[in-house]
There are 2 protein chains.
Amino acid sequence: MDVPRLVDHDRRRAELGEAAIRIILREGLAGVTVRGVAAEAGWSTGSLRHYFSNQHALQAYVVQATADTLRRRVLPRAQRPRTGGSVVEQVATIVEEMLPLDDERREEYALWSAIVEWERLHPQEEGSVSWNDQRALHRQCIAALRGHEPVRDPGQATAPHPDAEVELWAALLHTFVDGLAAQLMNTPSQVSAGTAGHLLRSLLRAVPRPEQPAHHTEVESPPQG
Amino acid sequence: MDVPRLVDHDRRRAELGEAAIRIILREGLAGVTVRGVAAEAGWSTGSLRHYFSNQHALQAYVVQATADTLRRRVLPRAQRPRTGGSVVEQVATIVEEMLPLDDERREEYALWSAIVEWERLHPQEEGSVSWNDQRALHRQCIAALRGHEPVRDPGQATAPHPDAEVELWAALLHTFVDGLAAQLMNTPSQVSAGTAGHLLRSLLRAVPRPEQPAHHTEVESPPQG
DNA sequence: CGCGTGCTAACACGCCCGTGCTAGCATGTT
DNA sequence: AACATGCTAGCACGGGCGTGTTAGCACGCG
């Protein structure tokens, strides 16, 4: 026993994941079948089932692998330091890294939507994949609105933020970005990339900032529900 | 020939539509199969195919019937006149009629999402169903922000609006509402109904209005893309 | 009453699916 | 060189799907 492995299981699984991602982009998450993924990767179904006993196990792995791929692709772009331009422009370029404004980001957003859909249909899995990423986007919005570097995760996610107004506007921006992304994906004929940029910057200009306190919004309670 | 009909075809089609809506709510649009709808309605597949030759014809009809059902349910609620409360509160209650804040409106939003999904997958159909409803929501937002009754459709959809700022904020509100609805559906544990209400009202309070021109947003171009 | 037409039900075909199973191949060890 | 074990390929079964076809039923009309 304990014979040295002949193949690298992790490498094989990663190959399967890449094939599955290609299928998701072509046919959506419902197209991720045992037979389909095996054919896309050039294998037989029996070989695939040596690594994933179930379709469920396959899809769960694919969701995880896709989330990892997205993190590696999107986060560095969003966290790249911005120096030039106004605060509005800096925040806009950060947010635009996550919006489906071109084919590459449309691909990324389609993959992200597939993950969210999968987790909506399978809510009992231990440890939601998208939750941490949602928090990361949230923190990114907060940090961007402050004009600071992203805050390290304090570990206490529900603790009230020191600046309730910034927290509120981060939540508003987060929601707005979700809507903008949905409109760009679902009704691209009505909301083009240029329109999205205009809308985003218009909203950002409406955000009250300390150095420009022209508009006061009465904050009643923190937006965490 | 021209023998009087023995059954009311429209009535039968409507029965099929209701059965299909139940299936959409249970299993999504992908569950709308010829066999499944026939079984849900208590028919045989042969009978169903007497009314719809294709699965495509069935689904196209179901999408249309669902859109009609939604219009009859949602539009009267949204267009009900608001008298009491501030403008923010009036607009909030209008918008909330379209948000998935309880089980009934979650059902409605799930049906609406199915329609949008279907039209995204079949873009070549003559006359998009959701386009007119998107315009209706857009006009509703504009009218609500103005505090007026809904404007009649001028027939010239791309004509620039007289008040560019209202048009801009209507588009921003529309996008924000889309994002809020998506968050309520996809991540209800993070965005509850109460949170959604707070966020919506916070955004509405930030909208500059003629009687409260405390904040000036530099409008550069109309948001139509 | 008998007939024709509209409607219904059921079956058949081919395809794709998940999954269990088994014979064969390749490789590291003895 | 021979073996044992991990891996591969392929088949088989049962089920769901869309769709074409066909036999049978019900009703209105002559």
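Every chain is numbered from 1, with letters handed out A, B, ... down the list of sequences. Please read these numbers as outputs of a predicted model, since none were measured by experiment.
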Exercise for review: Examine C:dC17: is either OP1 or OP2 under 4.0 Å from a nitrogen or oxygen in the side chain of A:Thr33? Give yes or no.
Suggested key: yes
Exercise for review: May I ask you to verify if any side-chain N or O of A:His9 is less than 4.0 angstrom from the OP1 or OP2 atom of D:dG6?
Suggested key: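 Checking A:His9 against D:dG6: no side-chain N or O falls below 4.0 Å of OP1 or OP2.
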Kindly point out which of [options] is positioned nearest to the side chain of [X]?
X	options	result
A:Ser44	C:dG18, D:dA9, D:dC7	D:dA9
B:Arg12	C:dT8, C:dG18, D:dG18	C:dT8
B:Arg49	D:dT21, D:dC17, C:dA9	D:dT21
A:Gln55	C:dC17, D:dT19, D:dT8	C:dC17
B:Val34	D:dC11, D:dG18, D:dT8	D:dG18
B:Arg35	C:dT8, D:dT19, D:dA9	D:dT19

What is the separation between atom [atom1] on [X] and atom [atom2] on [N], rounded to the nearest whole Å?
X	N	atom1	atom2	result
B:Phe52	D:dG18	CZ	P	14 Å
B:Glu15	C:dT8	CD	C1'	14 Å
B:Leu48	C:dG6	CG	P	19 Å
B:His50	C:dC7	NE2	C1'	6 Å
B:Glu40	D:dC17	CD	P	13 Å

Check your understanding: Looking at CH2 of A:Trp118 and CD of A:Gln59, how far apart are the two atoms once the value is rounded to the nearest 0.5 Å?
Key ->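 It comes to 7.0 Å.
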**Study point:** Short N-O contact, A:Glu107 and A:Arg22, less than 4.0 angstrom
**Key:** no
Review point. Does a donor on one side chain sit under 3.5 Å from an acceptor on the other, for A:Ser192 and A:Thr195?
Key: yes
Exercise for review: State whether B:Trp43 and B:Arg49 meet the cation-pi test: NZ (Lys) or CZ (Arg) under 6.0 Å from the six-membered ring centroid, and within 45° of the perpendicular axis.
Suggested key: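 Not flagged: B:Arg49 not positioned over aromatic ring of B:Trp43.
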